[in-house]
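Here the structure comes first, spelled out in structure tokens, and everything after it is commentary.
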2 protein chains.
Amino acid sequence: MPKPIVDKQGRKDATRSRILDAAARMFNENGFAATSLRDIAAAADMKAGSLYYHFDSKEDIVAEVLDLGIRNVHEAVEAAVAGLPGNSDSRRKIRTAIAAHLEALLAHGDYTSANIRIFGQVPAEVRKRNMAVRDAYEKLWLNLFEQAQADGTIRKDVNPNILKLFLLAALNSPVEWYRTDRLPVAELARLLADYTLHGAAVPEKGTGN
Amino acid sequence: MPKPIVDKQGRKDATRSRILDAAARMFNENGFAATSLRDIAAAADMKAGSLYYHFDSKEDIVAEVLDLGIRNVHEAVEAAVAGLPGNSDSRRKIRTAIAAHLEALLAHGDYTSANIRIFGQVPAEVRKRNMAVRDAYEKLWLNLFEQAQADGTIRKDVNPNILKLFLLAALNSPVEWYRTDRLPVAELARLLADYTLHGAAVPEKGTGN
DNA sequence: GTCTATATGCCGATAGAC
DNA sequence: GTCTATCGGCATATAGAC
């Protein structure tokens with residue numbers, strides 16, 4: 001269960017949040033190394049030196065942005081699945097999780113988009129710290145697929161771990177190409193759920209090659 | 001049809017290639033901004049100043065790495081599909097293209113991995129230049145899917161463009177998590193082709209929800 | 001073609017005034 | 001809590017010897 005979005009001392013801090021919002025936006029647009037503390041400070045209406053009252057280093061800022069990016073989506077997906085009627089089957093749960101992930105990603109996605117885009121650019125220690133949060137979210141999907149396989153919803157020859165990795169890549173990809181004006185997020189979610197559950201091919205009785 | 005891998009004047013140049021190989025490897029490992037010209041030069045057994053005899057700027061180097069990354073895969077996939085027997089159906093073509101993309105990506109993938117990882121980090125002008133090469137490769141997949149839809153292999157309610165975008169994200173994702181020792185690339189390709197064509201769910205005669 | 005040396009500028013981080 | 005000023009370091013790029 002993800003923790004609520006507050007700082008490490010458990011308090012909410014408006015200035016701290018403003019800095020993190022600015023950092024997420026700038027990291028998302030320009031990458032980690034290309035975003036300077038002066039850029040972040042300017043986007044938060046401050047001077048660079050002032051950031052050090054709230055954070056110890058640039059690495060500290062990016063580490064918090066990365067963690068929030070995963071936790072935002074994790075919480076949204078968990079809440080959506082938990083909100084389903086008690087008798088919902090695995091198909092419904094998978095469809096709901098796909099829709100919730102895409103909604104969270106595309107609605108207020110500076111933190112999550114930043115995570116997707118800059119994870120590979122940050123220092124190894126920061127990556128390692130974020131891995132724990134990532135693993136927790138991936139576990140949610142693994143559980144969903146293993147349960148679906150156990151109850152006969154998905155095939156026995158499916159590798160739940162590989163399926164999870166491919167699906168998460170597809171789920172995150174719209175940050176690179178999705179434009180609101182073309183089709184609603186709910187419709188995008190329906191398409192991806194269809195592909196995930198039933199594939200693109202016309203069903204047939206044949207060998208299934 | 002992608003052009004052969006030579007420089008802009010149409011000549012092959014060993015030193016130039018050595019620099020590009022080194023740059024692709026370093027960009028892939030550390031990102032664009034975090035890789036200095038000194039790093040690239042050192043990896044190519046040179047000094048930083050010497051790079052300027054072969055390239056005009058860091059942007060020039062990265063632009064060429066990006067283009068080669070797409071063209072390597074484009075050529076491999078095109079050749080694999082063209083090498084199929086003349087009577088091969090769309091299912092076979094899609095399976096072959098998926099396998100060829102993964103083989104090219106994971107076998108000698110410094111250029112392609114670098115492209116996937118650093119595209120979002122390079123200056124806008126460099127991105128724009130690489131977009132033409134990317135579009136050409138995406139067109140190959142769009143044609144494949146449109147042909148498959150026309151001949152009744154894939155369903156009419158599939159959006160070929162969206163399917164292409166989701167599949168390419170999945171196809172590129174193994175650069176982040178694939179390890180050779182777990183399962184062969186050919187097996188990975190079979191799994192992804194299964195998911196793409198038939199999905200993960202057990203087939204049923206019902207409403208298909 | 002490759003080297004050394006260097007110009008010029010931005011980076012993260014710190015010190016101390018207010 | 002935010003500012004100004006500045007440190008030391010490393011970046012891209014250039015000039016000119018060999």
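Every chain is numbered from 1, with letters handed out A, B, ... down the list of sequences. Just so it is clear, the structure is predicted and the values come from calculations on it, not from any experiment.
Under a 4.0 Å N-O distance rule, the pair B:Arg18/B:Asp45 does not qualify as a salt bridge. Contact check on B:Asp157 versus B:Arg155 returns a salt bridge, with a Lys/Arg side-chain nitrogen under 4.0 Å from an Asp/Glu carboxylate oxygen.
Side-chain nitrogen and oxygen atoms of A:Tyr52 include at least one within less than 4.0 Å of the OP1 or OP2 phosphate oxygen of C:dA13.
Non-hydrogen atoms lying under 4.0 Å from DNA chain C are contributed by A:Thr35, A:Ser36, A:Leu37, A:Arg38, all within residues 32-41 of chain A.
A cation-pi contact, defined as under 6.0 Å to the ring centre and within 45° of the axis, is absent between A:Arg117 and B:Phe119. Within the cation-pi definition used here (under 6.0 Å to the ring centroid, within 45° of the axis), A:Lys58 qualifies as a partner of A:Phe32.
At the heavy-atom level, B:Lys47 lies under 4.0 Å from base atoms of the strands shown.
The side chain to side chain donor-acceptor pair (under 3.5 Å) pairs that include a residue from residues 177-190 of chain B are B:Ser173-B:Trp177, B:Glu187-B:Arg190, B:Arg190-B:Asp194, where partners are two or more places apart or lie in different chains.
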Check against side chain to side chain contact (heavy atoms under 4.5 Å, CB included), B:Tyr53 and B:Thr15: CA-CA 10 Å; B:Tyr53 177 82; B:Thr15 305; over 6 Å; no
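For B:Leu51 and C:dT2, the CG to P distance is 10 Å, given to the nearest whole Å. Atom-to-atom, CZ of A:Phe55 to C1' of D:dG1 comes out at 14 Å; the value is rounded to the nearest Å. Rounding to whole angstrom units, NE2 of residue B:His54 and P of D:dA13 are separated by 16 Å.
Using a 30° and 60° split on the angle between ring planes, B:Phe145 and B:Trp141 fall in the tilted class, from 30° to 60°.
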Below 3.5 Å is the cut-off: list the nitrogen or oxygen pairs between protein and nucleotides 16-18 of chain C, distance only.
none

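In summary, the aromatic rings of A:Tyr195 and B:His198 are positioned with their centroids too far apart to meet the 6.0 Å limit.
Annotation: of the two residues near DNA chain D, A:Ala48 and A:Tyr53, the 5′-most nearest-nucleotide partner is A:Tyr53.
With distances taken from any side-chain atom of B:Met46 to the nucleotides C:dT2, D:dC3, C:dA13, the minimum falls on C:dT2. Between C:dT2, C:dA13, D:dG1, one nucleotide has an atom nearer to the side chain of A:Lys58 than all others, and that is C:dA13.
Shown are B:Arg127, B:Lys128, B:Arg134; of these, the side-chain hydrogen bond (donor to acceptor under 3.5 Å, both in side chains) with B:Asn130 is made only by B:Arg134.
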